[in-house]
There are 2 protein chains.
Amino acid sequence: MAEQQESSTEARAPWTRTQLLRAAIDLADRRGIESLSMRKLSQELGGGTMSLYNHVSNKDDLLDGMIDEVFSEIEMPAHERSWQVAMRGRAMSMRAAMTRHPWAIGLMESRRTPGPATLRHHDAVIGCLLDAGFPLSVTAHAFAALDSYIYGFALQERSLAFGTPEETAKLAQAFVVQFPAKEYPHLARLTIEHVLQPGYDYADEYEIGLNLILDGLAKLVPQR
Amino acid sequence: MAEQQESSTEARAPWTRTQLLRAAIDLADRRGIESLSMRKLSQELGGGTMSLYNHVSNKDDLLDGMIDEVFSEIEMPAHERSWQVAMRGRAMSMRAAMTRHPWAIGLMESRRTPGPATLRHHDAVIGCLLDAGFPLSVTAHAFAALDSYIYGFALQERSLAFGTPEETAKLAQAFVVQFPAKEYPHLARLTIEHVLQPGYDYADEYEIGLNLILDGLAKLVPQR
DNA sequence: ACCTGAACACCGTTCAAGT
DNA sequence: ACCTGAACACCGTTCAAGT
């Protein structure tokens, strides 16, 4: 039983940065960002905690890398179609990525060191608008308005915890019980007469607001 | 020098929950949310760390309280004027509060236990729209779209670190140096030909996007 | 009812040492 | 070049004890 350093117990394969980032994303997806620690991540990967620092300079760098990985999952705006279709597609793909990785929602737009995938994505969005004939200033307006809306909606949706329409109904009902209509009459009315009605789904609001912005932008662009 | 338990060294005055919340907000404003710890906060207030738990059930409760305090600083939508003016005013007041308390930006819309000031605020917004003749469903659209945009813009603005136009120019210049136009041609063009031009101020984008949404909403409302 | 220190189970990261 | 354990300076919170 002694001297077991044989071929079957050779040192584990060295990690890749990407491997490490994917493992961190997986951990955050499964257990939430608050339980992503350097110690738990190294345990997940089966190595010493400090070995992580050979691939990542610190935890902030780890997070930056994770976010850039998420950006790499997002569809670039398609070139061959109208800018409205391309922008709608990107917005949908963005929302899908944030649904897969809810922990990323507060982080994607607040980190200050964008990675290459992030920059490529933003470059493609701007390129799509410029190619569609947007003047530079309108491109800037479109970029600011769309991204603000997309990120903000995801943030709000997460906090409202509107998973399925059924969950929504349960939560709304709890709200109505907890806060009598006397104190917050309008909130109560909106909840009872609208949110609690059959067929209501908060997710539907996403495209409505998006169209509002896209339609507004269309009027700022010279027609082809 | 012994037995100093005299009138001048009596026990410190008991804390109030509000006092404690204001001190926490002040600490977060001055040093950033990442250096707000129960230990540092109690030190700031001159008491034992565990004394905080007599006024706050845990750190999450502390954060919830802080956010509700921030909401109490925001102007309610004014009733006497048009809904456009009221909504614009609220949006501006919201932005001002988030500028005063940048640490609150990611938190105001992602916490799941809204306090009374938060609920009062949302109730007033919904009430303003209903009073203006908005159908319930359009009220829901307006609420979702406006809040998404307002929070998202603040988040983006913070990450872009666009403090003053001068800072913007400095950052943009650093960006251009770091990333040659070859790799991100459209991003480079927007930066050089638009962002780096004199008079550019990202803050101006706020009202432009806001008007886009307000104008779009106006078309969904029966005219008076 | 309010306060508090000690202790516990965690963190991220520096350092010095291994291969 | 990559790996790693021990140690340091932090966390939030439980507990048991004080007034």
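Labels below follow one simple rule: chain letters A, B, ... track the order of the sequence lines, proteins then strands, and each chain is numbered from 1. Scope of the values below: all heavy atoms of this structure, side chains included, with no hydrogens, waters or symmetry mates. Here the structure is a predicted model, which means the values were calculated and not measured.
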Here's a test of your reading of the structure: between A:Leu52 and A:Arg39, which maps to the more 5' nucleotide of DNA chain D?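 The residue mapped nearer the 5' terminus is A:Leu52.
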Atom-pair distance ([atom1] on [X]; [atom2] on [N]), nearest Å:
X: A:Gln43; N: D:dG5; atom1: CD; atom2: P; answer: 12 Å
X: A:Asn54; N: C:dT19; atom1: CG; atom2: C1'; answer: 12 Å
X: B:Lys59; N: D:dT14; atom1: NZ; atom2: P; answer: 15 Å
X: B:Asp60; N: D:dC11; atom1: CG; atom2: C1'; answer: 14 Å
X: B:Arg31; N: D:dC11; atom1: CZ; atom2: P; answer: 12 Å
X: B:Gln19; N: C:dC2; atom1: CD; atom2: C1'; answer: 14 Å
X: A:Leu63; N: C:dT13; atom1: CG; atom2: P; answer: 10 Å
X: A:Met38; N: C:dG12; atom1: CE; atom2: C1'; answer: 7 Å

Is there a side-chain contact between [X] and the phosphate of [N], meaning an N or O under 4.0 Å from OP1 or OP2?
X: B:Lys40; N: D:dC11; value: yes
X: A:Tyr53; N: D:dC3; value: no
X: B:Ser51; N: C:dT4; value: yes

Contacts of type ring pair (Phe, Tyr, Trp, His ring centres under 6.0 Å), residue B:His121, not counting sequence neighbours: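 Ring pair (Phe, Tyr, Trp, His ring centres under 6.0 Å) list for B:His121, sorted by chain: B:Phe71.
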Indicate yes or no: at least one non-hydrogen side-chain atom of A:Leu36 is less than 4.5 angstrom from one of A:Glu44.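 Contact flag for A:Leu36/A:Glu44 side chains = no.
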Defining pairs by Watson-Crick or G-U wobble geometry with both distances under 3.5 Å, how would you list the stems of DNA chain C with at least three pairs each?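 Runs of three or more consecutive pairs: C:4-8 with D:12-16, C:12-16 with D:4-8.
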Looking at every strand, decide which applies to B:Met50 at a 4.0 Å heavy-atom threshold: base, sugar-phosphate, or nothing.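 Touches a base.
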Please work out if A:Ser37 contacts a base, only the sugar-phosphate, or nothing of the nucleic acid, heavy-atom cut-off 4.0 Å.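 Counting heavy atoms under 4.0 Å across all strands, the contact made by A:Ser37 is with sugar-phosphate only.
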Which listed nucleotide (C:dC2, D:dC3, D:dT13) is nearest to the side chain of B:Pro14?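 The closest nucleotide is C:dC2.
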As a test of reading the structure: which of D:dT4, D:dT13, C:dT4 is closest to the side chain of B:Asn58, going by heavy atoms?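 Selected nucleotide: D:dT13.
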Look at the aromatic rings of B:Phe143 and B:His122 and report parallel, tilted or perpendicular, splitting at 30° and 60°.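 The arrangement is perpendicular - the two ring planes meet at more than 60°.
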For salt bridge (charged side-chain N to carboxylate O under 4.0 Å, His left out), just list the numbers for A:Asp61 and A:Arg17, CA-CA rounded to whole Å, side-chain angles, deciding distance to a tenth of an Å, and then say yes or no. CA-CA 11 Å; A:Asp61 187 36; A:Arg17 184 176 217 259; 2.8 Å; yes
Would you tell me whether A:Gln156 and B:Ser148 have side-chain atoms, one donor and one acceptor, within less than 3.5 Å of each other?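 Per modelled atom types, A:Gln156 and B:Ser148 side chains form a pair under 3.5 Å.
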Could you tell me if A:His55 and A:Gln19 have a donor-acceptor pair between their side chains, going purely by distance under 3.5 Å?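 Side-chain D/A pair, A:Gln19 to A:His55: absent.
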Backbone of A:Gly209 reached by a side-chain donor or acceptor of B:Tyr149 within 3.5 Å: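 No: the side chain of B:Tyr149 does not pair with the backbone of A:Gly209.
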